[in-house]
Student: 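First the structure, then my questions, so here it is.
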Amino acid sequence: MRLRNQSEVSEFILLGLSDQPEQQSLLFFLFLLIYLITGVGNLLIIVVIRTNSCFHTPMYFFLSNLSLVDICFTTTTIPKMLVNHISGNKAISYAGCLTQVFFFIWFAGIDSVLLTVMAYDRYVAICAPLHYSMIMTPKVCTLLVIVSWFWAYINALIHTVLVTRLSFCGQNEIPHFFCDLSPLLKLACSDTFIDDLMVNTVGALTIIIPFIGILISYTRIFVTVLRIPSTVGKWKALSTCGSHLTVVCLFYGTVIGVYFSPISNHTAQQDTVAAVMYTVVTPMLNPFIYSLRNKDMKGALKMLLTRKPVLSL
């Protein structure tokens with residue numbers, strides 16, 4: 001079975017973020033630094049949660065999965081961009097491009113569903129604390145994570161298989177730093193109606209519906225928090241929820257702007273900037289927003305980093 005169906009393009013050219021030579025080195029070191037911060041930050045969170053029994057709760061279980069997905073999410077796009085910069089070769093093979101599209105959509109979908117699950121977890125913990133242990137059981141939490149991975153996988157598989165049906169007859173330059181679905185569809189010389197339809201239906205179930213669910217959860221949380229008699233406790237809770245919601249809006253707002261708004265309303269450059277926000281900036285911010293603002297997590301991280309290794313003879 002041929003991978004490319006009626007396609008004359010064997011590779012694509014990733015134009016990157018800028019065509020200005022003086023900006024290339026700056027962008028390279030900036031993205032390398034962001035990638036290292038994202039990887040190390042999320043890895044530390046996973047290690048702390050897995051090795052400390054105090055964090056074996058639903059909230060931290062979901063957080064450790066989010067950290068793992070964020071590492072995979074950034075690894076899908078940034079390393080290839082850095083390699084292209086070092087080698088001076090901006091090409092990516094047809095198969096490599098489809099592989100990047102699949103894993104990008106897969107991990108982005110998991111991220112979306114997990115953020116929704118985490119918002120629901122906080123809603124139950126704050127708005128129905130007496131029923132929390134009965135609702136968020138270990139079995140339910142595991143099932144929610146499995147569903148997020150499986151649903152996102154099906155979503156990614158549908159879009160990737162549909163792309164293999166398209167023909168690319170000449171133009172192969174992608175004005176992006178990775179193979180994103182939206183600019184790839186614009187290069188196709190065959191009809192993309194079914195692909196666009198799936199983006200607006202199946203894709204909406206993975207992005208827009210979860211976003212609405214998160215907004216509803218946090219609205220209920222805010223209403224409940226405002227009833228707290230303690231002013232200090234009220235503002236602490238609002239600050240924490242507000243920071244969570246800010247990152248959520250940054251992630252979903254840019255994704256929705258790229259995929260679910262009319263093409264005439266945005267340019268390729270605007271899409272690229274938006275993609276940087278939800279593929280690079282958001283995964284880097286998640287460890288700081290969801291963990292490092294937490295006093296217990298900061299204490300556990302400090303103990304982990306200052307712990308002296310035990311040498312056995």
Side-chain angles (χ1 to χ4, degrees), residues 16-17 23-87 99-100 103-115 117-118 121 145 148-149 152 177-178 240 243-244 246-248 250-251 254-255 273-311:
L17 295 172
Q23 296 180 356
Q24 297 302 315
S25 296
L26 176 62
L27 289 172
F28 173 81
F29 287 109
L30 177 61
F31 274 74
L32 176 60
L33 178 62
I34 291 175
Y35 181 62
L36 292 175
I37 293 174
T38 303
V40 173
N42 283 290
L43 186 59
L44 284 174
I45 289 173
I46 294 173
V47 172
V48 168
I49 292 174
R50 296 300 183 186
T51 58
N52 195 323
S53 59
C54 297
F55 298 112
H56 292 176
T57 63
M59 181 180 72
Y60 291 108
F61 172 68
F62 295 135
L63 180 58
S64 64
N65 278 273
L66 180 67
S67 296
L68 174 62
V69 173
D70 281 341
I71 293 174
C72 298
F73 193 25
T74 53
T75 301
T76 302
T77 57
I78 297 181
K80 176 60 178 173
M81 184 192 74
L82 297 178
V83 169
N84 286 357
H85 177 85
I86 294 175
S87 65
T99 301
Q100 198 172 55
F103 283 104
F104 168 75
I105 297 176
W106 188 17
F107 293 126
I110 301 172
D111 232 9
S112 175
V113 180
L114 278 179
L115 287 171
V117 170
M118 292 172 68
D121 173 73
V145 170
S148 68
W149 279 77
F177 64 97
F178 69 96
T240 301
S243 60
H244 291 183
T246 299
V247 176
V248 164
L250 178 64
F251 176 79
T254 50
V255 172
V273 173
V276 170
M277 293 299 169
Y278 65 79
T279 62
V280 179
V281 176
T282 303
M284 181 186 67
L285 291 178
N286 279 339
F288 297 96
I289 297 299
Y290 287 99
S291 300
L292 299 182
R293 290 168 56 91
N294 184 297
K295 183 178 178 181
D296 294 333
M297 179 62 73
K298 285 192 292 186
L301 281 171
K302 185 177 180 180
M303 289 180 60
L304 178 66
L305 296 174
T306 56
R307 182 185 300 169
K308 295 181 180 180
V310 179
L311 300 177

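All of these numbers come straight from a predicted model, not from anything done at the bench. One-based numbering along the sequence shown.
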Student: To the nearest 0.5 angstrom, please state how far the CG atom of L82 sits from the OH atom of Y35.
Tutor: 8.5 Å
Student: With respect to I45, which candidate in V48, I49, L43 satisfies the side-chain contact (heavy atoms from CB on, under 4.5 Å) definition?
Tutor: I49
Student: What's the shortest heavy-atom distance between N42 and P283, and which atoms?
Tutor: ND2-O, 3.5 Å
Student: How many angstroms lie between CD1 in I34 and CG in L285, if you round to the nearest 0.5 Å?
Tutor: 9.5 Å
Student: Check the angle between the aromatic planes of F104 and Y278 and answer parallel, tilted or perpendicular using the 30° and 60° thresholds.
Tutor: tilted
Student: Any idea which heavy atoms bring S148 and V113 closest together, and the distance?
Tutor: CB-CG1, 3.4 Å
Student: Who passes side chain to side chain contact (heavy atoms under 4.5 Å, CB included) against N65, sequence neighbours left out?
Tutor: R50, F61, L114, V145, W149
Student: Which heavy atom of G109 sits nearest to which heavy atom of A152, and what is that distance?
Tutor: C-CB, 3.6 Å
Student: Return the CD1 to CD1 distance between I110 and I105, rounded to the nearest 0.5 Å.
Tutor: 12.0 Å
Student: Do F178 and T76 have side-chain heavy atoms sitting under 4.5 Å apart?
Tutor: no
Student: Nearest 0.5 Å, what's the CG-CG distance between N286 and L115?
Tutor: 6.5 Å
Student: So which heavy atom on V47 is nearest to which on T51, and how close?
Tutor: O-OG1, 2.6 Å
Student: Rounded at 0.5 Å granularity, tell me how far CZ in F28 sits from CD1 in I78.
Tutor: 11.5 Å
Student: Indicate yes or no: at least one non-hydrogen side-chain atom of L27 is less than 4.5 angstrom from one of F177.
Tutor: no
Student: Check side chain to side chain donor-acceptor pair (under 3.5 Å) between D111 and all other residues, then give those that pass, not counting sequence neighbours.
Tutor: none
Student: Can you tell me how far the CG atom of L36 sits from the CE atom of M284, to the nearest 0.5 Å?
Tutor: 12.0 Å
Student: Does the side chain of Y60 reach to within under 4.5 Å of the side chain of L63, using non-hydrogen atoms?
Tutor: yes
Student: Please name all residues satisfying side chain to side chain contact (heavy atoms under 4.5 Å, CB included) with T246, sequence neighbours left out, ordered by chain then number.
Tutor: none
Student: Classify the angle between the aromatic ring planes of F103 and F107 as parallel (below 30°), tilted (30 to 60°) or perpendicular (above 60°).
Tutor: parallel
Student: Between T282 and F73, does the side-chain contact (heavy atoms from CB on, under 4.5 Å) criterion hold? Intermediate values first, please.
Tutor: CA-CA 10 Å; T282 303; F73 193 25; over 6 Å; no
Student: So which heavy atom on I46 is nearest to which on S64, and how close?
Tutor: CG1-O, 3.7 Å
